[in-house]
Structure formats: structure tokens, C-alpha cells
2 protein chains.
Amino acid sequence: MKTADKHDKIIRAATKVFAKKGFFNARISDIAKEAKVADGTIYLYFNNKYDMLLSVFEEKIGRLVNLINSQLEQEDDPRRMLEIFITTHLREMKKNKNLAEVIQIELRQTNKMVKDYRNNKFSEYLNIISMIIKKGQAKGVFRRDVLPGLAKRAIFGAMDEIARIWNINIDSEYPIDETTNQVISIFLIGILQHPTTGKS
Amino acid sequence: MKTADKHDKIIRAATKVFAKKGFFNARISDIAKEAKVADGTIYLYFNNKYDMLLSVFEEKIGRLVNLINSQLEQEDDPRRMLEIFITTHLREMKKNKNLAEVIQIELRQTNKMVKDYRNNKFSEYLNIISMIIKKGQAKGVFRRDVLPGLAKRAIFGAMDEIARIWNINIDSEYPIDETTNQVISIFLIGILQHPTTGKS
DNA sequence: TTGACAAATGAACAGTCATTCATTCATATT
DNA sequence: AATATGAATGAATGACTGTTCATTTGTCAA
């Protein structure tokens, strides 16, 4: 087996174990066993436990960024772009619960360990949202007084909370399509009953 | 010192330490020291470490529920009620960062430890949002096709993510009033530029 | 076949901490 | 003053686990 393959194998195992047990309750030996590798082998590929979590996170978010970017490539309508972002994010979280879980873990458990939080894949990911919003504002389709840097947080936060619930499965669950449409419509037109709104 | 006082003192210390170090990195001896109490004393008031986190969480959320309910008491306009909820939540999170932190921790780290997630203060808290929405729908001020059970997640998630950022203080930060207004307007009227919307 | 190098192993180490409990202290009662 | 009761203490315990490294295994060129 090639070195690259083993690295990958460990990443996959780590994702699974972190997602299932959380970072602190995951043992290196759990991950090693899941990857069918000796405990020590892990340290040939990663510096330490936290380095693994970070690698898992960056790798997965990187894939997400690529996926979304490829989806958005053809599209030029900001409204449609936002719909695509929301749809894709929710679909991926639903499809890959471990990913959703690892995002949750990394985002809250390890802030305290790490200082530099700016230049990473995750910021890049969220900035896709704010770029869409800015574009929409420039085109006059989105309200100009919305702060893109705040809106990106609101939108991500909403989706992240919904994904969290999927992973606990409390709440009688709604179909993903319905959920997606709800989120899109809430952020586009709000919950207020508009006199003019006749759209479905 | 009375027994009740000591219980309280420990809760306060635990909140502080959990917020600062996270659940898993917080040592009982840290909390004991912060509370100016012997390690063993803690076990006279709590069963174990996790029991403390749960107590802290329930206690703090309980206060929030009371606060919000008292704020909402006088109000009957659903739109205004939602504004009050959002304003109060964000204000409290800003004021008490430890609280925000403990919510983050408890919500993601311990789901895995606990099974019953239904009947607790936190559900009660979120259900205030959905009750407001239902009321607004009954009165015809909120869109009828919005699912209250989903909207409450979206609204809470958005605010929680914003509070998370406050606690890391990345992002050039906006004043709290502006942030609050943004969140309110996003959820009420959305980000789409409406032809009819002339309101500030 | 041999030797050299790299990859992999997993037992052992070293440190950490939640929890316990024998003992001490504080207070109230007689 | 003597005793009883419960609260508080904190050192000791015991279990756990991230990381290391001496050793083994695999690979390939000469």
C-alpha cells in the first residue's frame, strides 16, 4: 500500500471515530484499529492527535469548497447561487453525517487550542456566502443594507443547527427538500407575511 | 456559609472554568480552586463532573427562560415578540460570554453522553420561538407556510453562530445594536430586495 | 544472497485527573 | 465542658491514554 493511501485511510478512520465519540473521547487506539494500523503508525503521518482533527477538518472542508465552487461555476444569478449553496450544504450534511459532526466538534472544541483562525479553508467556505451576497447587492437583487459578514454567519449558523439536529434526531424530521426550501425562503423573503408575496 | 450558597458558588466557578477551558480540559481541581473549596467538597453537591455541566447548563438556561418570559409578558404583537426574543438573547450572550460558551459546549460535547434530550429547559427555551411564530401565523402576520419547528432552529442557530464569533473575536465586530437589527430584519423580511420595502 | 534503508509495529512509559474516604473541623445540644 | 452530627478537607488511589522508541518487517539495488 502506498503512503498516500495510508494517510487517506487514517483520515477516513479518524473522521469516523471523531464523529462517533467526539474529539476527547476518541482514543488513538480506536482510530488505529479502525484504520487497521498500529498505534505508532499514526505518528508517522500526523504530529499529534489534534493535528489529525485539523487535517480531517481541512480536508473535508476543502472538498466542500471545491464541490460548491464547481456547482456555482455556471451560475450568475446571485439568488440562484444562494439557493445552490444552501441546497448543496444541507444535502452534503445529510449525506455525510460524520462530516457534519466533525465540523461541529472542530468549531467548538478546539478554538481554545488554536490561535490563528483566519486563513483556513473554513473561512474560505463561509466567504463564498458573503461573496454571493455582495454580488447580489451590486446587482440590486439583495438589500444593500444587509451586512454580508453578518449574513454569512446567520446563514451558516442556521444550517449548522439544523444539521446538528439531524445528527441527534430529536424533532419529527422533515424531508430534506422541504427543509431546504424553508431555509431558502426564510433567508430570501423572511417570515413576515408580505402583502406583495404571492410566490409559492 | 449556607449550603445553598456553596452550591451556587460552585456553579459560578464551574461556569467560569468550563467556559474558559471547555468541559474536557477543565479539571475538578480548577473548579474547586476557583470556588475556594476543597476538591472533595464538590462531590457533596454534585454526582460527577458531567452532572456539574448539566446543572450549570440547566440553571443558566432556566434564568434565560425566565428573563425572556418576563420580557414577553406585556407584549402581544408577534412581530415585536420575535424582536424582543432576538434582542434579549443576543444581549445576554454578549453580556455573559461564559453563558454563551457553556451553551456551545453542552450542546455539542455531551449529546453523545445523554439520551433523553426532550424534556429540558433548553427545549423550553427554543419553543418560545416556535410559539411566537405560531401566534404570528394565527394572526396572519407571519407566513403560514413557514414551519415553526424549523424556523426556531434557524433563528437559534444564526444567533448561536454569531455569539460563537463574539467569543473568538475574529471578524471586525459590529456594534450589538446593529447586529441585532440585522438579524431581526434578515429573519423578518429576508435579504431579497423587495419592490415594496421602504422601511428602514 | 546480502546489505541498506524505510516503513510499520505495539509494548512500555509517563503524565494526567476524576473520584474516594479517613480524618479534621465547625456547630449545636445536653 | 462534653458529646454528637454533619460539613469540609485534600492526599491517595486507580484507571486511562497520548506518545515514544527499540525492534521487526518489507523492499530493492548491487
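Order of the sequence lines fixes the chain letters, A, B, ..., with proteins taken first and strands second; residue numbering starts at 1 for each chain. Model, not experiment: these values are computed from the prediction.
Rounded to an integer number of Å, the gap from CZ of B:F46 to P of C:dT20 is 15 Å. Atom C1' of nucleotide C:dA7 and atom OH of A:Y45 are separated by 7 Å, given to the nearest angstrom. Rounding to whole angstrom units, CD1 of residue A:I31 and P of D:dT17 are separated by 12 Å. In this entry the distance linking CE of A:M52 with C1' of D:dG18 reads 12 Å, nearest Å. The distance between atom NZ of B:K33 and atom P of D:dT9, rounded to the nearest whole Å, is 15 Å. Atom-to-atom, NZ of B:K21 to P of C:dA18 comes out at 10 Å; the value is rounded to the nearest Å. One atom, CZ of A:F24, and another, P of C:dT16, lie 16 Å apart when rounded to the nearest Å. Here the C1' atom of nucleotide D:dA8 and the CD1 atom of B:I10 are 11 Å apart, to the nearest Å.
In summary, A:D77 and A:R80 do not engage in a salt bridge, as defined by a charged side-chain N under 4.0 Å from a carboxylate O.
Considering only heavy atoms from C-beta on, A:F187 stays 4.5 Å or farther from B:L192 through its side chain.
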Going 5' to 3' along nucleotides 19-28 of chain D, which nucleotides have protein heavy atoms under 4.0 Å from the base (write B), which only from the sugar-phosphate (write S), and which from neither (write -)? BB--------
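If you check the side chains of A:Q193 and B:R143, you find no donor sitting under 3.5 Å from an acceptor. Checked by atom type, the side-chain pair A:S123/A:N120 shows a donor-acceptor distance below 3.5 Å.
Geometrically, B:K6 does not engage B:Y45 in a cation-pi contact defined by less than 6.0 Å to the ring centre and at most 45° from the axis.
You'll find that the side chain of A:L44 is closest to C:dA7, out of D:dG18, D:dA7, C:dA7.
With sequence neighbours excluded, the residues that form a side-chain contact (heavy atoms from CB on, under 4.5 Å) with B:D39 are B:S29, B:A32.
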